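Just so you know, these numbers come straight off a predicted model, no measurement behind them.
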Amino acid sequence: MKKAGIYIHIPFCAVKCMYCDFYSIADQNDQIPSFIEALIKEIKISKMLPEGRIFDTVFIGGGTPSLIEAKFLERIISALDKKFDLSNVNEFTIEANPGEAPKERLKDFLSLGINRLSIGVQSLHPHLLSFLTRIHDATQVFTTFENARSVGFENISCDLIYSIPGQTWSMWEKDLRKIISLQPNHISAYTLTVEKGTSLFELVRNRKVQMPIDDETGKWFLDTHKILEESGYPGYEISNFGSLDMQCKHNLHYWRIDPYMAFGPSAHGFDGQRRWNNTRSLNNYFQKIKSNEKPISTTENLSDLDLVNEALGFGLRMKEGFSISIIPNQHLKMFDEKYKKIKKIYPKLIYDREKRIFLTIKGMLLSDQIIPELLFE
């Protein structure tokens, strides 16, 4: 049976971070009880995926899900289990911010069957945290991590950001090595990107902030992969690092084009052929649920070639690459021509082995240039 995941989006935050383009709202925690009721109703009225799907991962993201009390999460999990059967779930992740996940709450999360914690560290330097509008400090990072271990979390991931204006390589390397010394099970290391609609985008556009140059970011990318590999965290995707048994199974569902259900405002779902997005407005979400409507804002039916393009694009972001067998026979000749052309332009960045195609680490650095050249129009 094909495996699938479930994603829950909790939009509440204490502060909206200046670089974040995920849907989140600050200073509206009084709406949480109403949100929980709406979310449970959305789960109840949702359609099932086609038969033959086993749900093996759940991911609660946001926003800041660790702000939600355990009693509310228990109700959400109960609704999910009644609808989808969570008995096969072996990875259940919740995101947490340092300083916003009290020890007792972490203990409660674990008792509910949540077995993986993703901590939004981002940086350990005060002025970089301030620039990113993060409200925690380094001490709270270590306290949250230690609390999670002490209550019994055996699978902890840490998120970090680099290529931040004002950040030096020595600052980044110091952060990286301090987090490695904690021995988390997984590390995500992302370059800071400028997304439309964020405060960072406006600052860059108005020339109040200057982003690091691409050559510098590229060198940091390669050196970061090297340090993490040498420290026991092999890169399995452009920005994700961990041993085979500690890779994020839920994210692998996305990258392998597996189906997944999604609930909450702005959540994206996929049933194997159709993608949908929920409304990116809490008020609109409430209105639709109250009217017994699904809170979907857009849907997209994917053609066979669309699915091939997605599998190819995501596959090349991963160490495992993608299988040539996914390409329909009538398109193999065209793909072979594209591939030969790309190999001539980027001879040491892309290669094939046993009917799979891969990017080298240096190739991943240029993936935004290489991948579009291989896609079908």
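- The line from NZ of Lys47 to CE of Met261 is 10.5 Å long, rounded to the nearest 0.5 Å.
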(request) Would you please test Lys196 and Asp21 for side-chain contact (heavy atoms from CB on, under 4.5 Å) and show each step? (result) CA-CA 8 Å; Lys196 271 189 175 181; Asp21 72 330; over 6 Å; no
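- In this structure, Leu124 is a member of the same hydrophobic cluster as Tyr162, with clusters built from ILVMFWY side-chain heavy atoms closer than 4.5 Å.
- The only option from Lys294, Glu42, Lys288 that meets the side chain to side chain donor-acceptor pair (under 3.5 Å) definition with Asn278 turns out to be Glu42.
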Do any side-chain atoms of residues 148-158 form donor-acceptor pairs under 3.5 angstrom with protein atoms, and if so which ones, sequence neighbours left out?
unit_1	atom_1	unit_2	atom_2	d
Arg149	NH1	Phe153	O	3.0
Arg149	NH1	Asn185	OD1	3.3
Arg149	NH2	Gln183	O	2.9
Arg149	NH2	Asn185	OD1	3.1
Ser150	OG	Glu146	O	3.3
Ser150	OG	Asn147	O	2.9
Ser157	OG	His186	ND1	2.8

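- Between Phe322 and Phe335, the ring planes are perpendicular. Angles over 60° get that label, and only those under 30° would be called parallel.
- To the nearest 0.5 Å, the span separating CD on Glu229 from NE2 on His225 amounts to 9.5 Å.
- In terms of hydrophobic clustering, with Ile, Leu, Val, Met, Phe, Trp and Tyr side chains grouped at heavy-atom distances under 4.5 Å, Phe35 and Phe22 are assigned to different clusters.
- In terms of the ring pair (Phe, Tyr, Trp, His ring centres under 6.0 Å) criterion, His127 has no residue partners (sequence neighbours excluded).
- Linking Ile, Leu, Val, Met, Phe, Trp and Tyr residues whenever their side-chain heavy atoms come within less than 4.5 Å leaves Ile326 and Leu252 in two separate clusters.
- The two atoms that bring Ala96 and Leu117 nearest to each other are CB-CD1, 3.8 Å, heavy atoms only.
- Taking Ile, Leu, Val, Met, Phe, Trp and Tyr as hydrophobic and joining them when side-chain heavy atoms fall under 4.5 Å apart, one finds Met171 in a cluster with Met18, Tyr19, Leu128, Phe131, Leu132, Ile161, Ile164, Leu192, Val194, Leu200, Phe201, Leu203, Val204, Val209, Met211.
- A distance below 6.0 Å separates the ring centres of Tyr254 and Tyr260.
- Every residue two or more places apart in sequence or in another chain that forms a side chain to side chain donor-acceptor pair (under 3.5 Å) with Glu37 is listed here: Arg75.
- Taking the side-chain contact (heavy atoms from CB on, under 4.5 Å) definition, one finds that Glu320 meets it with Arg256, Met318, Arg356, sequence neighbours left out.
- Side-chain N or O atoms of Arg317 include none that pairs as donor or acceptor with a backbone N or O of Trp255 at under 3.5 Å.
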(request) Given side-chain contact (heavy atoms from CB on, under 4.5 Å), test Ile10 with Ile94 step by step and report yes or no. (result) CA-CA 10 Å; Ile10 308 287; Ile94 190 166; over 6 Å; no
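- Applying the side-chain contact (heavy atoms from CB on, under 4.5 Å) test to Asn90 and every residue at least two apart in sequence or in another chain returns Asp56, Lys249.
- Contact record, Ile342 with Glu373: CD1-CB, 3.2 Å, taken as the closest heavy-atom pair.
- Under the 3.5 Å distance criterion, the side-chain polar atoms of Tyr23 are matched with a main-chain donor or acceptor of Leu282.
- Taking every heavy atom of both residues into account, Tyr7 and Ala267 meet most closely at CD2-CB, 4.2 Å.
- Side chain of Ser66 to main chain of Glu100: a donor-acceptor pair is present (N/O by atom type, distance under 3.5 Å, no hydrogens or angles).
- When atom types are taken as modelled, the side chain of Ser231 and the backbone of Tyr233 share no donor-acceptor pair closer than 3.5 angstrom.
- Remark: the backbone N or O of Lys208 is not paired with any side-chain donor or acceptor of Asn206 at under 3.5 angstrom.
- Side chains of Ser78 and Asp81: a donor-acceptor N/O pair is absent below 3.5 angstrom, by distance only.
- When atom types are taken as modelled, the side chain of Asn240 and the backbone of Tyr236 share no donor-acceptor pair closer than 3.5 angstrom.
- For Gly313 against Ile371, the heavy-atom pair with the smallest separation is O-CD1, 3.4 Å.
- Within a 6.0 Å radius of NZ in Lys3, no more than 12 heavy atoms belonging to other residues, nucleotides or ligands are found.
- Using cut-offs of 30° and 60° on the angle between ring planes, the pair His250 and His253 is perpendicular.
- The two atoms that bring Pro295 and Ile289 nearest to each other are CD-CD1, 3.8 Å, heavy atoms only.
- Among residues two or more places apart in sequence or in another chain, the ring pair (Phe, Tyr, Trp, His ring centres under 6.0 Å) test is passed with Phe286 by none.
- In this model, no donor atom of one side chain and acceptor atom of the other lie less than 3.5 Å apart for Asn283 and Ser281.
- Once rounded to the nearest 0.5 Å, the distance linking CD1 of Ile324 with CD1 of Ile357 reads 4.0 Å.
- Once rounded to the nearest 0.5 Å, the distance linking CD1 of Ile54 with CG of Asn88 reads 5.0 Å.
- Salt bridge Lys341/Glu337: absent, no basic N to carboxylate O contact under 4.0 Å.
- No donor-acceptor pair closer than 3.5 Å links the side chain of Asp175 to the backbone N or O of Ser123.
- Connectivity analysis of hydrophobic side chains (ILVMFWY, heavy atoms under 4.5 Å, direct or indirect) links Leu67 to nothing; its cluster partners are none.
- With sequence neighbours excluded, the residues that form a side-chain contact (heavy atoms from CB on, under 4.5 Å) with Asn277 are His268, Ser297, Thr298.
- Side chain to side chain, Trp220 and Thr191 fail the donor-acceptor criterion of an N or O pair below 3.5 Å.
- For the ring-ring contact (aromatic ring centres under 6.0 Å, His included) condition, no pair includes a residue of residues 90-124, sequence neighbours left out.
- Judged by distance alone, the side chain of Glu310 and the main-chain N or O of Asp306 form no donor-acceptor pair under 3.5 Å.
- A donor-acceptor distance shorter than 3.5 angstrom exists from the side chain of Gln273 to the backbone of Leu302, with no hydrogens or angles considered.
- Take His136 and apply the side-chain contact (heavy atoms from CB on, under 4.5 Å) test, not counting sequence neighbours, and it matches Pro98, Leu129, Arg134, Gln140, Val141.
- Checked for salt-bridge contact, Glu216 and Lys219 miss the test: no charged N lies under 4.0 Å from a carboxylate O.
- In this structure, Tyr339 has no ring pair (Phe, Tyr, Trp, His ring centres under 6.0 Å) partners at least two apart in sequence or on a different chain.
- Using modelled atom types, one side-chain atom of Lys338 and one backbone atom of Leu375 make a donor-acceptor pair closer than 3.5 Å.
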